[in-house]
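Residue numbers count from 1 along this sequence.
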Amino acid sequence: MSKPGGRREFLTGVAGTGVVLISSSARAAEGKKKEGGKENEEGIPPTEDLMREHGVLRRILLVYDEAARRLPGEDAVVGVVGSAAGIVRRFVEGYHEKLEEEFVLPKLEKAGKLVDIAKIIRMQHAAGRKLTESISKKAKAGKGASAEQRLAIVADMQSFGRMYTAHAAWEDTDVFPAYRSMFTEAELDKLGDQFEDQEHKLLGGSGFEGSLKEVKDLEKALGIHDLARYTPH
């Protein structure tokens, strides 16, 4: 996908008793040129792309977590929650999960790998969409949201966060590595092109970066945009 840092391509070689991962940046610099003479950006494997997208999801969960603490007493937080749910619908459900459902899960299921986990993932995607719809619907009341509505939003965000914290962890440690192992380097490169096409199709010109910027704007609105604030004192 066309994301900053480029798509890194990795070659595996053996040196002594260890396995060495060698970046192909030198090869890319030799022959691959963009129009106007600029070098093509190196790529990152599509499975690493999926993990980066989980990074955006986790930052949304941080927004939800902060909003849940402040929602009962701060009117402006309702709008932040509504915006966050919109990003979830667009980026997580409309893009990231579509990649999983159209590319990742069918291949694993066809190969008979992690079939039970794949079934749970599909169920959790459906459950997550229901929670997002509920959050969005209640957040439309804005500053006029009643105390009862705010408590319901908090409960939905907490349920969403609990499920997706585990969901993303299982995918990163079990699902994506298993999926990655089913491709040669050449096949993985073609898969990356397919993922990039889907990114442009489903997210438009802003792509991954546009969605990340939206999340960062919400972090700033809540004052949680500084990583240092998470350091224990």
Side-chain angles (χ1 to χ4, degrees), residues 1 3-4 47-72 74-101 104 120-142 145 149-173 175-176 195 198-199 202-204 206-230:
M1 295 185 189
K3 300 176 186 171
T47 44
E48 186 175 327
D49 260 346
L50 291 168
M51 291 180 183
R52 282 194 72 201
E53 289 158 13
H54 275 175
V56 174
L57 169 61
R58 288 185 173 99
R59 290 175 75 158
I60 293 171
L61 296 185
L62 291 174
V63 169
Y64 274 177
D65 186 55
E66 182 69 15
R69 285 194 290 269
R70 293 163 55 175
L71 190 59
E74 296 186 34
D75 291 343
V77 175
V78 181
V80 172
V81 170
S83 296
I87 300 171
V88 171
R89 181 182 290 111
R90 225 170 29 252
F91 180 80
V92 178
E93 300 169 356
Y95 167 60
H96 175 81
E97 291 182 351
K98 275 190 176 294
L99 289 181
E100 293 178 349
E101 292 171 0
V104 180
I120 293 168
I121 287 172
R122 291 184 187 276
M123 291 172 61
Q124 290 185 341
H125 285 177
R129 288 165 188 149
K130 288 181 180 178
L131 285 169
T132 299
E133 179 61 29
S134 179
I135 292 168
S136 297
K137 185 176 180 180
K138 294 181 179 73
K140 285 181 180 178
Q149 286 175 315
R150 295 182 191 212
L151 288 175
I153 292 172
V154 169
D156 285 343
M157 289 192 298
Q158 289 174 338
S159 294
F160 186 93
R162 183 177 183 274
M163 180 175 70
Y164 272 99
T165 295
H167 183 98
W170 256 257
E171 288 187 338
D172 286 349
T173 56
V175 175
F176 296 158
F195 277 25
Q198 289 295 100
E199 180 182 355
L202 299 173
L203 295 178
S206 61
F208 172 90
E209 278 305 311
S211 297
L212 178 57
K213 182 183 181 303
E214 289 182 60
V215 177
K216 289 181 176 181
D217 289 342
L218 296 182
E219 291 171 343
K220 289 178 181 177
L222 293 177
I224 60 170
H225 56 290
D226 183 1
L227 178 62
R229 79 185 300 274
Y230 295 98

> Taking all atoms of both residues into account, what is the closest heavy-atom pair of His96 and Leu50, and its distance?
Replying inline: CE1-O, 3.5 Å
> Who pairs with Arg69 by side chain to side chain donor-acceptor pair (under 3.5 Å), at least two apart in sequence or on another chain?
Replying inline: Asp65, Glu66
>> For the OH atom of Tyr64 and the CG atom of Leu222, what is their distance to the nearest 0.5 Å?
In response: 12.0 Å
>> If we check side-chain hydrogen bond (donor to acceptor under 3.5 Å, both in side chains) with Glu97, which of these qualifies: Gln124, Arg122, Arg129?
In response: Arg129
> Atom CZ of Arg90 and atom OG of Ser206: how far apart are they, to the nearest 0.5 Å?
Replying inline: 8.0 Å
> Does Arg89 come within less than 4.0 Å of Glu133, counting only side-chain N to carboxylate O?
Replying inline: yes
>> Looking at Glu199 and Arg52, is any side-chain nitrogen of the basic one under 4.0 Å from a carboxylate oxygen of the acidic one?
In response: no
>> For residues 218-227, which residue pairs pass the salt bridge (Lys or Arg N to Asp or Glu O under 4.0 Å) check, not counting sequence neighbours?
In response: Arg59-Glu219
> Run the salt bridge (charged side-chain N to carboxylate O under 4.0 Å, His left out) check on Asp156 and Lys137 step by step: do they pass?
Replying inline: CA-CA 11 Å; Asp156 285 343; Lys137 185 176 180 180; over 6 Å; no
>> With no hydrogens and no angle check, just 3.5 Å: does a side-chain donor-acceptor pair link Ser134 and Lys138?
In response: yes
> How far apart are the closest heavy atoms of Leu202 and Gly94, and which atoms are they?
Replying inline: CD1-O, 3.5 Å
> Rounded to the nearest 0.5 Å, how far does CG of Leu61 lie from CZ of Phe160?
Replying inline: 6.5 Å
> Who pairs with Lys213 by salt bridge (Lys or Arg N to Asp or Glu O under 4.0 Å), at least two apart in sequence or on another chain?
Replying inline: Asp217
> What is the minimum heavy-atom distance between Leu218 and Ser83, and which atoms define it?
Replying inline: CD2-CB, 3.8 Å
>> Can you tell me how the ring of His125 sits relative to the ring of His167, calling it parallel under 30°, perpendicular over 60° and tilted otherwise?
In response: tilted
